[in-house]
Amino acid sequence: MKFKSQSLAYPYYLTGFVMLFIQIIYGFVLVVARIGFDPFHEILPFNIIRSVHTTFLIGWLTCGMYGSIYFILPDDLKSEIYSHKIAMIQLIFLITGIVGSVICYHFQYWTGIKFLEMPSPFSYCFLGSIILFSYNVFRTGYQIPKRTFFFKIIFFVSLTFSLIQAFTQFTFNNFHIENLFRILYVHFLFEVLWMLWLLAVITYLLFNITGIDKEYSEKWFRYLSYLILGSGLFSIGHHLYFNGAPEYWRWIGGIFSAIQPMALVGISLFSILAYKKSGKQYPNKIAIYWTLGCSIMSFVGAGFLGFSHSIPGVNQFTHGTMITGMHSHFAFWGSYAMLVFAVIFYSMPYLTSKKLWNYLPGYIGFWMSNIGIVSMSAAMALAGLVQVYLEKRLGLEFFSVQREIRIHFIGMLLAGILFLAGIILIFIHFLKFGKPEKEELIAEEYKN
Amino acid sequence: MARVLFNGFWVILIIIFIILFLNTYNHYQNNENAISREVLSGKKIFRKNYCQGCHSLFGEGAYYAPDLTKIVTKRNTEFIHDFLRFPQPAISGEIRMIQYDFTHTEIDDIILFLLWSENKASEDFPPQPKLIINNELR
């Protein structure tokens with residue numbers, strides 16, 4: 001590695017993996033409950049398991065975000081991270097926030113708001129970790145004379161993340177207003193801020209993997225950032241169709257939801273063009289797999305599948321069904337989980353100086369996890385379609401429909417087993433690299 | 001010049017968004033007068049027990065249990081009251097809601113809260129099911 005600070009990424013990767021495994025285990029309990037086998041229902045009801053599942057999702061992806069930035073930022077700014085101590089305190093805050101919240105859920109101590117379940121003390125810990133991260137990023141950037149566009153975007157992401165997280169502490173007597181702010185938070189975080197993080201990291205990876213012109217990649221980066229911001233801001237309308245918001249949101253949401261996937265088409269196009277354009281033979285093929293895979297799967301999962309049910313006329317029937325569940329699983333995997341793995345497998349050879357890019361279990365893990373998640377999403381899509389037709393179109397009772405779609409959850413369980421096996425292989429690949437080396441190493445051989 | 005236009009475009013865009021958001025906020029606030037102490041208590045119980053962790057309201061939440069949009073109108077008060085006192089599976093042998101041991105007052109508050117939420121419910125959600133007449137959906 002070129003900078004000692006880059007090794008800060010490692011503890012974040014490791015924590016992220018642990019959280020991912022717990023998330024998956026709770027995911028299995030959820031799917032088994034949907035099949036009808038739910039012996040712990042009285043003591044561990046669905047809402048507890050689901051809260052743990054989504055909180056660990058946010059936890060491990062945030063770990064991935066911090067880790068990826070701590071690896072990339074020193075290289076981008078040609079400077080060490082301002083404070084290693086802050087970075088480690090930030091990790092402790094993050095773990096305390098996530099793990100503390102999850103323990104509380106088991107005693108039904110939560111806010112009861114979807115995606116914002118963390119009870120106040122632990123939500124503050126989580127907020128603390130984001131503020132510390134923003135501060136560290138800010139100080140790192142301002143210790144050098146010239147800031148890059150990458151830095152500006154990441155600072156914007158981290159600062160806005162901390163601001164919106166701070167606002168989650170406010171509650172309102174009016175349920176609708178509380179819900180409006182919840183939607184603003186969730187939409188802005190997942191569909192704008194993390195999208196910008198995705199774009200920034202993908203651009204960095206493509207620039208280094210393909211060796212394309214800096215100006216060329218920066219041009220794509222700039223235009224796509226503006227597209228994500230503009231379309232992302234107004235496409236919040238697709239969350240406001242049926243909860244009593246003014247009618248104009250249907251027009252705004254419909255139009256901007258159609259524009260929103262264009263940013264993801266742009267990212268896919270940029271990746272493919274950059275890869276085609278490059279004359280460079282980058283040896284770390286597994287990093288290329290994850291990077292190109294991420295740019296394409298994010299378009300399919302977040303872009304195409306999101307758009308396909310965001311039109312008001314369609315959303316009227318799919319809203320609140322398993323179609324939404326299918327979209328969110330595919331989108332989170334394609335956009336953010338694959339991005340974290342792309343950074344991990346790009347950075348690990350630099351951090352450890354081990355050229356483990358031809359490690360077979362890693363490739364098998366890539367295919368198994370991807371086939372697993374696509375199959376899981378397909379099972380949910382089938383369940384969702386049946387639910388839409390039987391319940392929303394024909395008016396069958398909810399529970400009668402649930403019995404009809406149970407078979408698809410068995411399919412989802414099987415796909416989940418394949419997915420888990422893939423993740424285990426990916427983790428083995430990660431562990432095989434070992435810990436980052438302490439001595440400074442500039443890997444000349446990677447540059448050709 | 002191009003830079004000024006570009007920045008201006010973004011400022012206008014953000015201002016439009018803020019205006020729309022504030023208008024939506026006001027639109028919801030028009031409902032505020034109707035929030036009685038009972039409705040507020042019902043909302044607190046709804047949050048405390050994280051009902052949206054299994055159910056959805058306006059299609060938002062989890063999809064493990066039925067959507068609660070306009071549920072009071074659909075089912076009537078007595079049914080919901082009895083159901084919350086003694087949750088029974090809708091289909092024999094199927095999963096049922098856990099026993100929360102709510103008091104009568106708490107159940108009344110929950111019902112009042114759900115009724116209050118219907119004030120802002122869209123007419124077309126949940127969608128009206130179609131009937132099959134002569135082999136066609138109508």
Side-chain angles (χ1 to χ4, degrees), chain A residues 30 33-34 36 38 41-42 45-48 50-51 108 110-114 117 171 173-180 182-184 226 229-230 233-234 236 239-246 248-249 252 316-317 319-322 324-325 387 391-400 402-403, chain B residues 6 10 13-14 16-17 20-21 23-25 27-29 31-32 35 39-40 43-44 46-54 56-67 69 89-91 93-99 113 116-117 119-122 124-132 137:
Chain A
L30 287 175
R34 296 217 65 140
D38 198 7
H41 184 60
E42 289 292 333
F46 192 86
N47 53 2
I48 292 180
R50 191 184 175 283
S51 311
Q108 305 212 350
W110 45 29
T111 62
I113 304 173
K114 188 182 175 185
E117 293 95 344
T171 53
N173 287 347
N174 189 325
F175 174 85
H176 295 296
I177 291 175
E178 202 169 80
N179 199 36
L180 179 68
R182 183 197 76 84
I183 287 170
L184 183 69
Y226 296 133
L229 262 174
L233 202 60
F234 285 93
I236 191 175
H239 297 282
L240 299 169
Y241 291 158
F242 307 112
N243 47 14
Y248 54 73
W249 283 115
I252 296 170
Q316 185 190 3
F317 296 98
H319 185 48
T321 67
M322 287 312 295
T324 314
Q387 190 183 5
E391 190 186 334
K392 307 279 180 173
R393 301 288 281 188
L394 298 177
L396 245 68
E397 276 298 315
F398 178 86
F399 285 107
S400 309
Q402 291 300 308
R403 201 154 58 168
Chain B
F6 186 75
W10 278 98
L13 215 62
I14 290 166
I16 292 172
F17 180 78
L20 292 177
F21 190 81
N23 185 46
T24 311
Y25 180 90
H27 173 80
Y28 283 135
Q29 216 170 19
N31 214 17
E32 202 134 80
I35 304 177
V39 169
L40 191 59
K43 185 211 155 206
K44 281 183 182 159
F46 189 79
R47 290 291 194 217
K48 186 171 173 265
N49 294 289
Y50 195 10
C51 303
Q52 276 178 298
C54 292
S56 53
L57 184 58
F58 303 110
E60 285 154 22
Y63 321 123
Y64 185 61
D67 185 73
T69 315
I91 297 168
E94 295 289 308
I95 208 122
R96 66 169 176 83
M97 200 171 108
I98 58 173
Q99 184 79 48
F113 163 68
W116 171 86
S117 74
N119 288 344
K120 287 284 174 194
S122 306
D124 51 356
F125 190 83
Q128 277 297 314
K130 304 235 173 181
L131 294 172
I132 302 173
L137 282 177

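Each chain gets a letter, A, B and so on, in the order its sequence line appears, and its residues count up from 1.
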Student: Using every non-hydrogen atom in the two residues, find where B:Phe17 and A:Leu184 come nearest and quote the distance to one decimal.
Tutor: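 Looking at all heavy atoms of both residues, the closest pair is CZ-CD1, 3.9 Å.
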
Student: What distance separates B:Ile14 CD1 from A:Leu229 CG, expressed to the nearest 0.5 Å?
Tutor: 7.5 Å

Student: Can the ring centroids of A:Tyr226 and B:Trp10 be said to lie less than 6.0 angstrom from one another?
Tutor: yes

Student: Can you confirm whether the side chains of B:Gln29 and A:Asn174 place a donor and an acceptor under 3.5 Å from each other?
Tutor: no

Student: Of the backbone (N, CA, C, O) and the side chain (C-beta and beyond), which part of B:Leu13 lies under 4.5 Å from a heavy atom of chain A, both, or neither?
Tutor: both

Student: Between chain B and each of A:His41, A:Gln108, A:Arg50, count heavy-atom pairs under 4.5 Å; write down the option with the most.
Tutor: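 Highest number of pairs under 4.5 Å: A:His41.
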
Student: Is it true that the side chains of B:Tyr50 and A:Glu117 contain a donor and an acceptor less than 3.5 Å apart?
Tutor: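 A donor-acceptor contact under 3.5 Å links the two side chains.
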
Student: Yes or no on side chain to side chain contact (heavy atoms under 4.5 Å, CB included) for A:Thr321 and B:Tyr63, after CA distance, side-chain angles and deciding distance?
Tutor: CA-CA 6 Å; A:Thr321 67; B:Tyr63 321 123; over 6 Å; no

Student: Listed by chain and number, what are the side-chain hydrogen bond (donor to acceptor under 3.5 Å, both in side chains) partners of B:Asn49, not counting sequence neighbours?
Tutor: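 Checked B:Asn49 against side-chain hydrogen bond (donor to acceptor under 3.5 Å, both in side chains); zero matches.
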
Student: Can you tell if the side chain of A:Thr111 reaches within under 4.5 Å of the side chain of B:Arg47, non-hydrogen atoms only?
Tutor: no

Student: Looking only at heavy atoms, which two atoms of A:Asn173 and B:Lys43 are closest? And how far apart?
Tutor: O-CD, 3.4 Å

Student: Does any heavy atom of chain B fall under 4.5 Å from the side chain of A:Leu396, the backbone, both, or neither of them?
Tutor: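 Neither part.
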
Student: At a heavy-atom distance under 4.5 Å, which candidate from A:Gly395, A:Ser51, A:Pro246, A:Ser400 has the highest pair count against chain B?
Tutor: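 Winner by heavy-atom pair count: A:Pro246.
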
Student: Could you state the interatomic distance from CZ (A:Phe175) to CZ (B:Phe113), rounded to the nearest 0.5 Å?
Tutor: 5.0 Å

Student: May I ask you to name which of A:Thr324, A:Ile236, A:Ile48 has the most heavy-atom pairs under 4.5 Å with chain B?
Tutor: A:Thr324

Student: Answer whether the closest heavy-atom distance between the side chains of A:Leu30 and B:Tyr64 falls below 4.5 Å.
Tutor: no

Student: Contact between A:Tyr241 and B:Phe125 at the side-chain level, heavy atoms closer than 4.5 Å - yes or no?
Tutor: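 The answer is no; the side chains never approach within 4.5 Å.
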
Student: If you count heavy-atom pairs under 4.5 Å with chain A, which of B:Ala62, B:Pro126, B:Ser56 comes out on top?
Tutor: B:Ala62

Student: More than 12 heavy atoms of other residues, nucleotides or ligands under 6.0 Å from CD of B:Gln99: yes or no?
Tutor: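 Yes.
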
Student: Side chain from CB out, backbone as N, CA, C, O: work out which of these in A:Gln387 comes under 4.5 Å of a heavy atom of chain B, or both, or neither.
Tutor: neither

Student: Look up atom NE2 in B:His27 and atom CG in A:Leu240, then write down how far apart they are to the nearest 0.5 Å.
Tutor: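 These two atoms lie 10.0 Å from each other.
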
Student: Before giving the answer on side-chain hydrogen bond (donor to acceptor under 3.5 Å, both in side chains), spell out for B:Asn23 and A:Tyr248 the whole-Å C-alpha distance, their side-chain angles and the decisive distance to 0.1 Å.
Tutor: CA-CA 11 Å; B:Asn23 185 46; A:Tyr248 54 73; 2.6 Å; yes

Student: Look at B:Leu40, B:Val39, B:Ile16, B:Asp67 and state which one has the largest set of heavy-atom pairs under 4.5 Å with chain A.
Tutor: B:Leu40

Student: Return the CG to CD distance between B:Asp124 and A:Gln316, rounded to the nearest 0.5 Å.
Tutor: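 Spacing of CG (B:Asp124) from CD (A:Gln316) equals 4.5 Å.
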
Student: List the atom of A:Lys114, the atom of B:Gly61, and the distance in Å for their closest heavy-atom pair.
Tutor: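 In terms of heavy atoms, the two residues are closest at NZ-O, 3.0 Å.
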
Student: Taking side chain as everything from C-beta outward and backbone as N, CA, C, O, which of these in A:Ile183 sits under 4.5 Å from a heavy atom of chain B? Side chain, backbone, both or neither.
Tutor: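 Side chain only.
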
Student: Which bit of A:Pro45 is near chain B, if near means a heavy-atom gap under 4.5 Å: side chain, backbone, both or neither?
Tutor: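 Side chain only.
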
Student: Are B:Pro66 and A:Phe399 side-chain neighbours, meaning at least one heavy-atom pair lies under 4.5 Å?
Tutor: yes

Student: Could you tell me the separation between the CD atom of B:Glu60 and the CZ atom of A:Phe242, rounded to the nearest 0.5 Å?
Tutor: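 The CD atom of B:Glu60 sits 11.0 Å away from the CZ atom of A:Phe242.
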
Student: Is the shortest side-chain heavy-atom distance between B:Phe21 and A:Leu180 below 4.5 Å?
Tutor: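 Yes, at least one pair of side-chain atoms sits under 4.5 Å.
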
Student: For B:Cys54 and A:Asn47, which heavy atoms make the closest approach, and how far apart are they?
Tutor: SG-N, 3.6 Å

Student: So that I know where these two stand, are A:His176 and B:Phe58 an aromatic pair - ring centroids less than 6.0 Å apart?
Tutor: yes

Student: At what distance, to the nearest 0.5 angstrom, does CD1 of A:Ile252 lie from CG of B:Leu20?
Tutor: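 It is 4.5 Å, given to the nearest 0.5 Å.
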
